[in-house]
There are 2 protein chains.
Amino acid sequence: MPVTIRDVARASGVHISTVSRTFSAPHLVNPETRVRVLACAEDLGYRPNRAARALITGRTHNIGLIIADIANPFFPPLIKAAESQARHRDYHVFVADTNEDAAAEEELVHALAKQVDGVLLCSPRMSNSLIEQLSREVPLVVVNRQLAGLPCVLMDVGQGARSAIEHLAGLGHREIALLGGPRGSWTSRELRRAAGVAARAAGADLTVLGPNPPTEHGGLAQAEQVRRAGVTAVLAYNDLMAIGLLEGLDALGVAVPGEVSVVGVDDISLSRLTRPKLTTVATPTAAAGRTAVDMLLQQDTDLPRTGRASGAAAVAVGVRRTTAQVMLQTELVIRDSTGPGPYAGRERSGATAAGPGPHRRADPGGPRVAAGDVVAS
Amino acid sequence: MPVTIRDVARASGVHISTVSRTFSAPHLVNPETRVRVLACAEDLGYRPNRAARALITGRTHNIGLIIADIANPFFPPLIKAAESQARHRDYHVFVADTNEDAAAEEELVHALAKQVDGVLLCSPRMSNSLIEQLSREVPLVVVNRQLAGLPCVLMDVGQGARSAIEHLAGLGHREIALLGGPRGSWTSRELRRAAGVAARAAGADLTVLGPNPPTEHGGLAQAEQVRRAGVTAVLAYNDLMAIGLLEGLDALGVAVPGEVSVVGVDDISLSRLTRPKLTTVATPTAAAGRTAVDMLLQQDTDLPRTGRASGAAAVAVGVRRTTAQVMLQTELVIRDSTGPGPYAGRERSGATAAGPGPHRRADPGGPRVAAGDVVAS
DNA sequence: TTGAAAGCGCTAACAA
DNA sequence: TTGTTAGCGCTTTCAA
């Protein structure tokens, strides 16, 4: 029933190889023949079978997207952008969810390897060494994790943490808590590192609470701890956790930002809808998805694959992989969940709230562009 | 570089067809040979190439998931459940986003047809006739749309609308608005129909506002209209729109539920986080994803495909397709966005707020099971 | 510019 | 129980 290249050949009175050329190397075919073949193909509704094509060319024109948790609102915009970008380049996208499980990640890379030209690993929980090993099986681009020798798309959460801490210190907070993310998260480590440095510079104390699951519940569960820690401000691993904390503090009768200020990370769309609206470090999720796909396909273009006509020669030359690492800017978006702390108005060292840095008073709904900087290649 | 069936055959000293059987018909192979082959395969890290296999068997072991808008929080739980269910059955999932565009839907079905064993069409915007036509190209299961002769997974939003209207009428509301969804949405029509009937039965007036885009902005934009319409209660097409309306009313200084009560549909996780918390008709999104995948794969099992060994005979017999339509229950979850209306406490006809029907006082976080009823086959 | 032929990795008749 | 063979739909040498 499905129409094959042979049907088109028969209908247009040429050999199948001519039909093949019409689609994959049109310039090698007589214009008149070409239009005739194209017309027949159109008529019959012919579409080349990509899988059959892949068998020879070694390119599937598919990519894989491995996601820690599709239901986490951080990811859908990334998935959407990646899928859109891929499709513009005539690639289809497999999406798989790992439930934050490292073993599932590994299995999925294996399972998809033969069906795709590359895989996007988003916020992986695997060890670096395992990721490196898997990258020998199939081209990989990693999002939210830095690995030497592998193409990575990173968001500058370090800068974000710095801005957040400076913002809080500028408001007069000296006792600040950091709600850590899940174990194995690069973002969480980075946040912790940068927040620690910034707190020291601002003369504030930083208490680290965690690790925590990167969910609303993770934040909710820490509300009690936050109160007991006696801090007046909290930077959470992500918005979901910050929102959970908002809930938890509300249940405990702790006023935000009256008694405690809260800052999230990500700027998921939800964060404009809570009461109070959440101050947060916006991460350019969609840009990350687009960029990661571009890097993967770029690599795919550079890197000849196992097709009959490729391989050996290029490998002998010593395939030069593109291993650029891109760091995308983040930006502090100040809303209503942060307010004056106990030291508000007093003199202190360090940057002031109005000082330099990528701050921004929340503007209701305007577009935001994130610039990408190559930090290594 | 990638290891093929031939490498395994060589390593284990058998013919490739024996290796093939070891994987696709193990009972036809001598147990000793089998373990040897399996050991070699394991050693070499062999995985059968599914695309090559599909060329012969006619089954790709892939399915397609076509989604109106991945970033709409209604869909991620559905995607997650569908992907998980598919993977349990050893299927991989292509995900594609159409941006609510009917033409993109059609193109995507064509594009994916050859690479998948079936497609899940989620909340399609295409016409019925086009969907029917496409279903001749590739097996389809449709979610949130009823089509004679096609397997469908529906959520009983009609019942949900009824419950919502009865709830509002029971609270003493007589002037109710319905915020309609996008054009071409089965759910929107169904909601409107059922809400109309229920309102009449309860002696209430129903004003329909719309169509609207199924987004927060769609609701926000209608806030002014809602106020002018002089209604005291609103049922919105979905939670996103309801939340937008909440925002809009807040900006206008209209108290919820003091002056206007608001009910959403879907129970996305966000709806527990707004202030006030949203009363809403919970739809079993994850169950819908799972069920739809099951129906698709069931159909795939019944329906022989274009492999060499299949086709003709079965087609001649007149392939009996599974066209069951499943209707999943919805449930009204009462939270804080609905309250007494101007006629509260007065006598009236119709069901009371405490009357029968699938109501539920919000219980904080307990699991909910949705039962599926076959309404046709 | 086109056709002939080989073969990508695999499965499924058929024979032994 | 295993090997032989043909061929799924397609691309790509090679020759004409």
Side-chain angles (χ1 to χ4, degrees), chain A residues 1-37 41 44-61 113-115 117 304-313, chain B residues 1-37 41 44-61 113-115 117 304-313:
Chain A
M1 197 62 211
V3 25
T4 77
I5 200 173
R6 236 172 293 270
D7 300 317
V8 179
R10 204 173 305 126
S12 47
V14 296
H15 193 262
I16 61 163
S17 49
T18 302
V19 178
S20 173
R21 279 184 208 108
T22 304
F23 286 94
S24 40
H27 59 281
L28 293 180
V29 102
N30 183 313
E32 288 173 29
T33 317
R34 189 167 50 203
V35 300
R36 186 154 39 93
V37 170
L44 300 171
Y46 170 73
R47 304 246 176 171
N49 181 323
R50 291 169 161 234
R53 179 182 278 175
L55 222 44
I56 300 192
T57 62
R59 329 202 84 109
T60 62
H61 265 246
K114 289 257 184 46
Q115 279 195 96
D117 296 337
R305 284 204 91 192
T306 55
R308 189 150 75 225
S310 61
Chain B
M1 198 62 211
V3 24
T4 77
I5 200 173
R6 238 172 291 269
D7 300 316
V8 179
R10 205 174 302 125
S12 46
V14 297
H15 193 265
I16 60 163
S17 51
T18 301
V19 178
S20 173
R21 279 183 209 109
T22 304
F23 286 93
S24 40
H27 58 282
L28 294 180
V29 119
N30 182 314
E32 288 173 29
T33 317
R34 189 167 52 203
V35 298
R36 187 156 40 92
V37 171
L44 300 172
Y46 169 73
R47 303 246 176 170
N49 182 323
R50 291 169 160 232
R53 180 182 275 176
L55 222 43
I56 299 193
T57 63
R59 330 202 82 109
T60 60
H61 265 246
K114 289 259 184 44
Q115 281 195 95
D117 296 337
R305 282 203 91 192
T306 55
R308 190 149 74 226
S310 61

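Please read all numbers here as calculations on a predicted model, not as lab measurements. Computed from heavy atoms alone, side chains included, the values below leave out hydrogens, waters and symmetry copies. Convention: sequence-line order gives letters A, B, ...; per-chain numbering from 1.
For Leu55(B), the side-chain atoms get nearest to dC8(D) when compared with the rest of dC8(D), dC10(D), dA5(C). Distances were taken from every side-chain heavy atom of Ile16(A) (C-beta onward) to each of dT11(D), dC8(D), dC10(C); the shortest belongs to dT11(D). Residue Val29(A) places its side chain closer to dT2(C) than to any other of dG9(D), dT2(C), dT1(C). Closest to the side chain of Thr57(A), out of dT11(D), dT1(C), dG9(C), is dT11(D). Out of dT11(D), dG3(C), dT11(C), the shortest distance to the side chain of Ile56(B) is found at dT11(C).
Tyr46(B) comes within 4.0 angstrom of the backbone, heavy atoms only, and of no base.
Taking 4.5 Å as the limit, some side-chain heavy atom of Val14(B) sits within range of a side-chain heavy atom of Val19(B).
Shown here for Leu55(A) and Ala52(B), the closest heavy-atom pair between the two residues is CD1-CB, 3.8 Å.
Between Ser20(A) and dT12(D) there is no side-chain polar atom (N or O) within less than 4.0 angstrom of OP1 or OP2. Note on Thr4(B): every side-chain N or O is 4.0 Å or more away from OP1 and OP2 of dG9(C). Considering only side-chain N and O atoms, Ser24(B) lies nowhere under 4.0 angstrom from the phosphate OP1 or OP2 of dC10(C). Here Thr18(A) does not reach the OP1 or OP2 of dT1(C): none of its side-chain N or O atoms lies under 4.0 Å away.
Between the side chain of Arg21(B) and the base of dG3(D), at least one donor-acceptor pair of N or O atoms lies under 3.5 Å.
One atom, NE2 of His15(A), and another, P of dG9(D), lie 15 Å apart when rounded to the nearest Å.
Between the side chain of Arg34(A) and the main chain of Pro26(A), a donor-acceptor pair closer than 3.5 Å is present.
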